[in-house]
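Contents: one structure, followed by commentary.
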Number of protein chains: 2
Amino acid sequence: MIRLEKVERIFQVGDQQVTALNKVDLNIEAGEYISIMGPSGSGKSTLLNILGLLDRPNRGQYLLDGKDVTSLTDDEQAFTRQQKIGFVFQFFHLIPRLTAEANIELPMILAGIPEQERKDRIHTVLKAIGLENRADHRPDQLSGGQLQRIAIARATIMQPKVLLADEPTGNLDQHSGGEIIQLLEDLNSKGLTLIIVTHDMNIGKRARRRIRIVDGQISADETGVA
Amino acid sequence: MIRLEKVERIFQVGDQQVTALNKVDLNIEAGEYISIMGPSGSGKSTLLNILGLLDRPNRGQYLLDGKDVTSLTDDEQAFTRQQKIGFVFQFFHLIPRLTAEANIELPMILAGIPEQERKDRIHTVLKAIGLENRADHRPDQLSGGQLQRIAIARATIMQPKVLLADEPTGNLDQHSGGEIIQLLEDLNSKGLTLIIVTHDMNIGKRARRRIRIVDGQISADETGVA
Ligand SMILES: Nc1ncnc2c1ncn2[C@@H]1O[C@H](COP(=O)(O)OP(=O)(O)OP(=O)(O)O)[C@@H](O)[C@H]1O
Ligand SMILES: Nc1ncnc2c1ncn2[C@@H]1O[C@H](COP(=O)(O)OP(=O)(O)OP(=O)(O)O)[C@@H](O)[C@H]1O
Ligand SMILES: [Mg+2]
Ligand SMILES: [Mg+2]
């Protein structure tokens, strides 16, 4: 389903070059549950951004469902993203002027989902994340962990094929974090391909496949009981 | 040193009222090492913002070194903050147009520290947080955990009397997180009053005094060996 071949991502800062990803090969089948862990600055967010079609490699290839997406135009990438990929950003990227409810609703409006269906889905997900009484709050009126949960709701509301979650519990206490992981694992059990970047060992080890990244390279890739 | 008496903070959203802090009493002595833990949305950031003079209570009093700071003007609060308080924000609030180095330098420029002294201190702290080769990167060119470390460097560079850190390791792997806590505990051993909000049990239990907040109230306040 997802195939990266010799993917490289190099950033230029002044006359300094940073190799964020260094000839990465990676195959991911539909329905997998993968955790990605590694030191701060090792390339995890960069990898997720490339998988999520938010960034392009400098070299190498990315085949999504057998199709080379590295050569798509920006518009074509955006369309593929909207159709197939849900993304929870490390720092959420919610829209400041919209309420929690409107932020969650946005992907459904873009996809042409009728209003009653939208209202029902929002109501269900707000309940699932414990934020029914924060529906009208704007991002600057929400706590860090509440923002994180809204971002997760927005990323999952369109039932994407693939969910890429960049540190989805970094601002959550043990209890809320556990509920979120439960929610994501339920979606995975229904067929969602789930890829979670995390710094939390307790979360990382729950995945059926555990990838470790160090200095822009995959240093470990283990499947099965930890 | 810090004394909160019956502090209340109430937010209004449309016709909904949120009591973020509910008659909080809290005494903190100079040099203490305190962790604050509690569920997402329980009032931790709100409490820290009030302690850091970034917000005011609706009711109650805040005495800092015996002086009632609740009644200071905004300018007086800003001056007191610059003099005494270092703050690591939950989402960093670095200046997007400045490099990592310039972000760290800013408090020293505002305080009139001479250039050579500034350069020396920046060099030392960048080394301490492992980011000497990221000095010229801007915030959008840094990873989440790198941003977090820059925010911590900025908050500590003026050697404040009190450091308020809102989830300072939420985006850091085990190793970098441990180094940061080490750094903060070293400063505490030299007299810094250290207050850390965290969701990480392993970090919270290291503090000599452990406070728990639930629904805007202090539900536990323990000192000594856990
Ligand atoms: N736009 C950019 N320009 C220059 N360098 C960048 C850019 N984005 C990332 N980097 C660098 O690339 C490296 C990888 O960054 P990335 O954000 O992928 O790390 P990460 O593994 O997600 O780290 P963290 O755990 O701290 O979030 C870092 O060293 C970072 O400084
Ligand atoms: N400006 C605001 N307007 C309205 N409500 C607010 C505002 N700021 C915070 N709140 C609400 O007050 C409560 C406490 O928020 P606070 O940010 O202090 O929580 P927290 O303990 O830091 O949570 P987290 O662990 O998720 O960061 C939350 O329920 C939040 O929705
Ligand atoms: Mg990252
Ligand atoms: Mg908070």
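Throughout, protein chains are lettered first and strands after them, A, B, ... in sequence-line order, and every chain is numbered starting at 1.
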* To do: Among the options B:Ala20, B:Ser40, B:Pro39, pick out the one with the most heavy-atom pairs lying under 4.5 Å from chain A.
  => B:Ser40
* Asked: So do the side chains of A:Ile196 and A:Ile181 get within less than 4.5 Å of each other, counting heavy atoms only?
  -> yes
* Check whether any side-chain heavy atom of B:Leu163 lies under 4.5 Å from a side-chain heavy atom of B:Val88, and answer yes or no. => yes
* Mind running salt bridge (charged side-chain N to carboxylate O under 4.0 Å, His left out) on A:Arg206 and A:Glu185 for me, showing each step along the way? => CA-CA 10 Å; A:Arg206 295 175 67 94; A:Glu185 290 179 354; 2.8 Å; yes
About how many Å separate [atom2] of [Y] and [atom1] of [X], when rounded to the nearest 0.5 Å?
{"X": "B:Thr223", "Y": "B:Arg208", "atom1": "OG1", "atom2": "CZ", "value": "10.0 Å"}
{"X": "B:Leu72", "Y": "B:Gln77", "atom1": "CG", "atom2": "CD", "value": "5.5 Å"}
{"X": "A:Leu51", "Y": "A:Leu26", "atom1": "CG", "atom2": "CG", "value": "6.5 Å"}
{"X": "A:His93", "Y": "A:Leu147", "atom1": "NE2", "atom2": "CG", "value": "12.0 Å"}
{"X": "A:Ile157", "Y": "A:Asn103", "atom1": "CD1", "atom2": "CG", "value": "12.0 Å"}

* **Any residue of residues 126-146 of chain B which, by heavy atoms, sits under 4.5 Å from chain A** => B:Asn133, B:Arg134, B:Asp136, B:His137, B:Gln141, B:Ser143, B:Gly144, B:Gly145, B:Gln146
* **chain A contact residues among residues 9-18 of chain B, heavy-atom distance under 4.5 Å** => B:Gln12, B:Val13, B:Gln16, B:Val18
* **Under 4.5 Å from any heavy atom of chain A - which part of B:Ser176** => side chain
* Against chain A, label B:Phe89 side chain, backbone, both or neither, depending on which of its atoms sit under 4.5 Å from a heavy atom there. => neither
* When you measure from the side chain of B:Arg210 to the backbone N and O of B:Ser35, does any donor-acceptor pair fall under 3.5 Å? -> no
* To do: Could you tell me whether the side chain of A:Arg212 and the main chain of A:Ser219 form a donor-acceptor pair under 3.5 Å?
  => no
* Asked: Does A:Arg154 pair with A:Glu105 as a salt bridge, N-O distance under 4.0 Å?
  -> no
* **When A:Gly170, A:Gly38, A:Ser42 are compared by non-hydrogen pairs under 4.5 Å with chain B, the top option** => A:Gly170
* Structure fact -> From the list A:Asp173, A:Thr198, A:Asp200, the residue making the most non-hydrogen contacts under 4.5 Å with chain B is A:Asp173
* Please report the closest heavy-atom contact between A:Lys6 and A:Asp25, naming both atoms and the distance. => N-OD1, 2.7 Å
